[in-house]
2 protein chains.
Amino acid sequence: MPKQKIPVQAIPRLSLYYRVLLGYKTSEFIRSSELARLTGFSAAVVRRDLAYFGQFGIPGRGYNIAQLKESILKILGIDTEWKIALVGVGNLGSALISYKGFTKHGFKIVCGFDVNPSKLNKKKADVPIKHMRDLAKYVREKAIKIAIIAVPALNCQEAVDKLVKAGVRGILNFAPFRPKAPAGIEVLNVDLSIELEKLAYFLNQAKQK
Amino acid sequence: MPKQKIPVQAIPRLSLYYRVLLGYKTSEFIRSSELARLTGFSAAVVRRDLAYFGQFGIPGRGYNIAQLKESILKILGIDTEWKIALVGVGNLGSALISYKGFTKHGFKIVCGFDVNPSKLNKKKADVPIKHMRDLAKYVREKAIKIAIIAVPALNCQEAVDKLVKAGVRGILNFAPFRPKAPAGIEVLNVDLSIELEKLAYFLNQAKQK
DNA sequence: TAGATTGTTAATCGATTAACAATC
DNA sequence: TAGATTGTTAATCGATTAACAATC
């Protein structure tokens with residue numbers, strides 16, 4: 001198997017194909033051109049992306065919807081539920097705990113961590129909130145591999161260090177700070193100020209024309 | 001001026017350079033290698049990015065920090081305050097209203113919009129909440145150009161349509177849906193489930209080795 | 001001037017696109 | 001079989017990297 005290298009951009013596209021497929025209950029097959037139309041990518045990209053992972057299609061027909069759904073589910077690794085630890089139960093953290101969208105995609109925030117005494121030992125949307133000092137034990141015991149960080153920039157690196165030490169391998173970071181992490185740990189940064197600055201740049205350019 | 005094309009990836013990098021520069025009060029000059037070290041990019045990328053916009057550096061010395069800060073500020077268009085309309089004042093929307101980080105970067109949510117009667121005509125963190133039917137008038141009057149969408153997927157396209165009609169040109173969309181928008185309107189999607197699915201894929205791959 | 005670092009050019013790398021042979 | 005669409009190859013496009021002449 002000469003397994004070629006898969007461009008990282010293909011992965012979120014797979015997620016979007018999957019989302020489209022979820023909307024199909026009835027019809028048997030879907031063509032790459034249809035998936036392309038509904039996601040905004042080109043049909044060639046769709047076929048290329050799927051071909052990285054196997055031969056899912058039937059020439060002349062398209063892709064069996066149920067089968068493709070199942071395949072993408074497995075490729076993305078969302079065929080089982082992922083337990084998530086949330087670090088930082090402030091405004092954003094609280095909103096994320098209550099967010100229903102995660103559950104639908106097989107992700108479950110099982111515990112929040114904070115240091116603010118007013119938040120501790122309560123439950124938010126049925127999720128327990130514990131002190132940061134209990135993080136290592138809890139995360140290790142429950143074998144949690146994914147975490148979300150929603151703390152201020154200053155506390156971000158510390159949170160990453162603790163999580164990694166406790167066995168977390170993937171981190172979704174909302175703090176406006178780029179933490180360092182050892183090789184083999186995936187950190188995805190969602191940086192709201194930077195997104196807004198992209199918009200500002202774009203509008204600024206448009207204005208100058 | 002043969003103004004070459006600027007890769008979009010350069011823009012968020014500029015934001016990060018700017019963030020690093022904010023940390024410098026004292027020293028006069030900073031080298032590309034230093035900016036590179038602190039942001040994790042290569043020195044060549046740093047120089048390339050800056051060179052797209054002008055000759056900011058002095059060979060043998062580096063970049064004047066105060067000057068470079070000022071220049072990036074203008075390039076990104078964050079030298080003035082941007083007013084932002086927020087559509088959807090649920091959990092996430094409320095968290096965004098209270099988020100201090102935006103103000104620090106020159107962005108200000110000036111009004112929230114919702115249809116839920118229990119939220120209307122109140123203030124959250126000093127921001128008024130109005131009914132969606134008042135959006136067009138308000139946005140047009142205040143000449144708001146940027147909006148944040150934090151509504152369910154089903155209401156996303158409608159929100160985009162209304163915003164664009166009212167004169168909004170840049171949209172940060174948190175709904176798990178890719179809305180269509182006319183050319184010339186910039187829509188940035190922050191899709192939390194997709195980010196988590198990227199992590200799931202990554203961990204799934206790592207496991208298989 | 002000697003030393004250092006920028007700005008830019010050419011080479012490399014990687015992803016997307018276009019085209020079409022293979023296949024149902 | 002004829003028609004349709006996949007999977008894959010080659011060509012194109014775009015961004016990054018490496019190297020170095022220009023310049024303070």
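What you see is a predicted model, and the numbers here were worked out from it, not measured in a lab. Within every chain, numbering begins at 1; the chains are lettered A, B, ... in the order of the sequence lines, protein sequences first and strands thereafter. Note: hydrogens, waters and symmetry copies are ignored here, and every other heavy atom, side chains too, is used.
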Given C:dG7, C:dT16, D:dT16, which nucleotide is nearest the side-chain atoms of A:P7? C:dT16

Expressed as a whole number of angstroms, how long is the span from B:L68:CG to C:dG7:C1'? 14 Å

D:dT8, D:dT17, D:dT6: which one has an atom nearest the side-chain heavy atoms of A:S32? D:dT6

Whole angstroms only, please: what is the CZ-C1' distance between B:R31 and C:dG3? 13 Å

Looking at B:K130, I'd like to know if its NZ atom is crowded, meaning that more than 12 non-hydrogen atoms belonging to other residues, nucleotides or ligands lie closer than 6.0 Å. no

Rounding to an integer number of Å, can you tell me how far A:F53 CZ sits from D:dG7 P? 13 Å

Against the side chain of B:Y63, the closest entry in D:dA18, C:dT6, D:dT6 is C:dT6

Given that both distances must come in under 3.5 Å, which nucleotide forms a Watson-Crick or G-U wobble pair with D:dA22? C:dT5

Measure from the side chain of A:P59, starting at C-beta and using heavy atoms only, and say which of D:dT5, D:dT17, C:dG7 lies closest. D:dT5

Can B:E34 and B:R31 be counted as an ion pair, charged N to O under 4.0 angstrom? no

Given that A:R13 and B:G57 both sit by DNA chain C, which one's nearest nucleotide is further toward the 5' end? B:G57

Just to be sure I understand the rule, does A:S33 reach a base, reach only the sugar-phosphate, or reach nothing, if contact means heavy atoms closer than 4.0 Å? nothing

For DNA chain C, whose closest nucleotide is more 5', that of A:G60 or that of B:R48? B:R48

What is the separation between atom CD on A:Q9 and atom P on D:dT16, rounded to the nearest whole Å? 11 Å

Do A:Q67 and A:F56 have side chains that get closer than 4.5 Å, going by heavy atoms? no

In whole angstrom, what separates A:R61's CZ from D:dG7's P? 14 Å

Nearest-angstrom distance from the residue atom CD1 of A:I6 to C1' of D:dG7: 15 Å

In whole angstroms, the gap separating P of D:dG7 from CD1 of A:I58 amounts to 9 Å

According to a strict under-4.0 Å criterion, is A:Q55 in side-chain N/O contact with OP1 or OP2 of C:dT23? no

Sidechain N-carboxylate O distance under 4.0 Å for A:D161, A:K180: no

Side chain of A:A44 only, please: which of C:dT16, D:dT6, C:dA18 is the nearest? C:dA18

Spacing between B:I11 atom CD1 and D:dA15 atom P, to the nearest angstrom: 11 Å

Which part of the nucleic acid, if any, lies within reach of B:R47 when heavy atoms closer than 4.0 Å are counted: base, sugar-phosphate only, or nothing? base

Electrostatic pair A:K74-A:D79, nearest N-O below 4.0 angstrom: no

Let's test this: given Watson-Crick or G-U wobble pairing with both distances under 3.5 Å, identify the partner of C:dA15. D:dT12

